[in-house]
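What follows is a set of notes on a single structure, which appears directly below.
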There are 2 protein chains.
Amino acid sequence: MTDKKQPLQLDFHSGLPIYTQIVEQIQSQLANGILKPGDQLPTVRALAQELRVNFNTVARAYRILDEARIISTQQGRGTYITEIPPPEVSEKLRNESLAALTHRFISESFRLGFSEREVSQMVRDSLKSWKEAKDSDDE
Amino acid sequence: MTDKKQPLQLDFHSGLPIYTQIVEQIQSQLANGILKPGDQLPTVRALAQELRVNFNTVARAYRILDEARIISTQQGRGTYITEIPPPEVSEKLRNESLAALTHRFISESFRLGFSEREVSQMVRDSLKSWKEAKDSDDE
DNA sequence: TCCTTTATTGTACTAATTGTATCATTGTAT
DNA sequence: ATACAATGATACAATTAGTACAATAAAGGA
C-alpha cells in the first residue's frame, strides 16, 4: 500500500544540496518502511534521469549512504538496502540482527558439512587473529 | 547421506560476485565430500538455469576452478571434479573454505558495529540452541 | 562398418549495465 | 579576487549477458 515505489521529490531552491536531499529522503523512506532491507535502489543513472540531475550527484548520495552502512553499492550490479540496517535503534532489534546474521552463518556452515566443533573453533581463531591485527594497528 | 546433491545458494545482494559464490560453494562441497573426485558437475547451461543466471557467469566460475585444478572442464563433454584428490590439499581446502565463511561473518558483524564479545556470545548461544534442536529430533 | 547429421557441451569475443575516480565548471560567500 | 562547495563531464573498471563458434558424443542411414 504505502510501500510502493515513491519518487523522490527535490527542491532545487531549498538551499540544501541535492545529494543531501537524496540521502535524507532515502533514509526517511527506509525509516517509514517504504524501502525495506534487500530492496534494490534505482541505478545512479536511472535515478539521475528521473530527477533531471547528473548521475554523479546520485552517486555521491549513494556513497554517503554506503559509508553509513545503509545501502550496499556493488559495481556492475546495483545498489541495495543493507540487509541488516545499522541499528542505532533499539537494543532488542540490535540483538535480533546479530542473531539473524549468526543464524545464517551457522546454518550455511552446517549445510556445507562442517561440524559444530569446527565452527566454534574457527570463530575463536578468527576473532583472535582479528584482535591481533587490530592491536598491531593501534601501535 | 549428507553427500547428496546440494543445490547452490546464491545471495544476490551480498556484495560477493555470483561467480565467486559459485566457486566458493563448489570448493566447500568438495572439501566436505558432498562432491567427490570424478563427479560430474552440472553443465554451465543447466546450472545457470537453476540459479537463474547467465551461463557465462557459471562458465567463469568453472574456468577459475579449472585453473585451480579443482575441476576439469572438457569442451563437448562436461566438467568433472579432478580425479587426483591431494589429501593434504583437501584438508587445507576444507579449512580455507570454513575460514573464508567465518571471516565474512565476523567482518560483517564488526561492520555493523557489534563487539567481539557480542559476536562470540551469540555464536555460542546459537550453536547451543542448534544442538538442542538436533537432540530433540533424535529422540 | 563408416560417414553424416544433430544435439550437447564448453569457449571466445563482444556488448550492455552498473558503480568509481578524476577533473572541470559554476555559483556563492568571504 | 579568492576559496570552497556543489554539480557536471568524461573516462574507467567490474559484473553479467548475448552471440557465434568449436569440440565431442550419440544417433541414423548407406
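Numbered from 1 within each chain, the chains take letters A, B, ... in sequence-line order.
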**Message:** Quick check: do B:Tyr19 and B:Asn56 have side-chain heavy atoms less than 4.5 Å from each other?
**Reply:** no
**Message:** I'd like the 5' and 3' limits of the part of DNA chain D contacted by chain A, with heavy-atom contacts below 4.0 Å.
**Reply:** D:dA6 to D:dT16
**Request:** Of all the heavy-atom pairs spanning A:Ser109 and A:Val119, show the shortest one and how long it is.
**Result:** CB-CG2, 3.6 Å
**Prompt:** Do other residues, nucleotides or ligands put more than 12 heavy atoms under 6.0 Å from the CD atom of A:Gln9?
**Reply:** no
**Item:** Joint cluster assignment, A:Trp130 & B:Phe114, ILVMFWY side-chain distance < 4.5 Å
**Value:** yes
**Request:** Take atom CD of A:Gln49 as the centre, draw a 6.0 Å sphere, and report whether it contains more than 12 heavy atoms from other residues, nucleotides or ligands.
**Result:** no
**Asked** Heavy-atom contacts under 4.0 Å between residues 49-65 of chain A and DNA chain D, which residues?
**Response** A:Val53, A:Asn54, A:Phe55, A:Asn56, A:Thr57, A:Arg60
**Complete:** From CD1 of A:Ile18 across to P of C:dG27 the rounded distance in Å is 13 Å
**Message:** Please name the nucleotide paired to C:dT18 by Watson-Crick or G-U wobble geometry with both distances under 3.5 Å, or report none.
**Reply:** D:dA13
**Asked** If you look at every heavy atom in A:Val123 and B:Ile106, which pair is closest and at what distance?
**Response** O-CD1, 4.0 Å
**Prompt:** Hey, are the side chains of A:Leu41 and A:Leu35 touching, using non-hydrogen atoms and a 4.5 Å cut-off?
**Reply:** yes
**Asked** Less than 4.0 Å between a side-chain N and a carboxylate O, is that true for B:Glu108 and A:Arg104?
**Response** no
**Message:** So which atom in A:Ser72 and which in A:Thr82 form the shortest heavy-atom distance, rounded to 0.1 Å?
**Reply:** N-OG1, 4.0 Å
Protein-nucleic acid N or O pairs under 3.5 Å, nucleotides 15-18 of chain C:
unit_1, atom_1, unit_2, atom_2, d
C:dT18, O2, A:Gly76, N, 3.2

**Fill in**
For B:Pro7 and B:Glu50 the tightest heavy-atom approach is CB-OE2, 3.8 Å
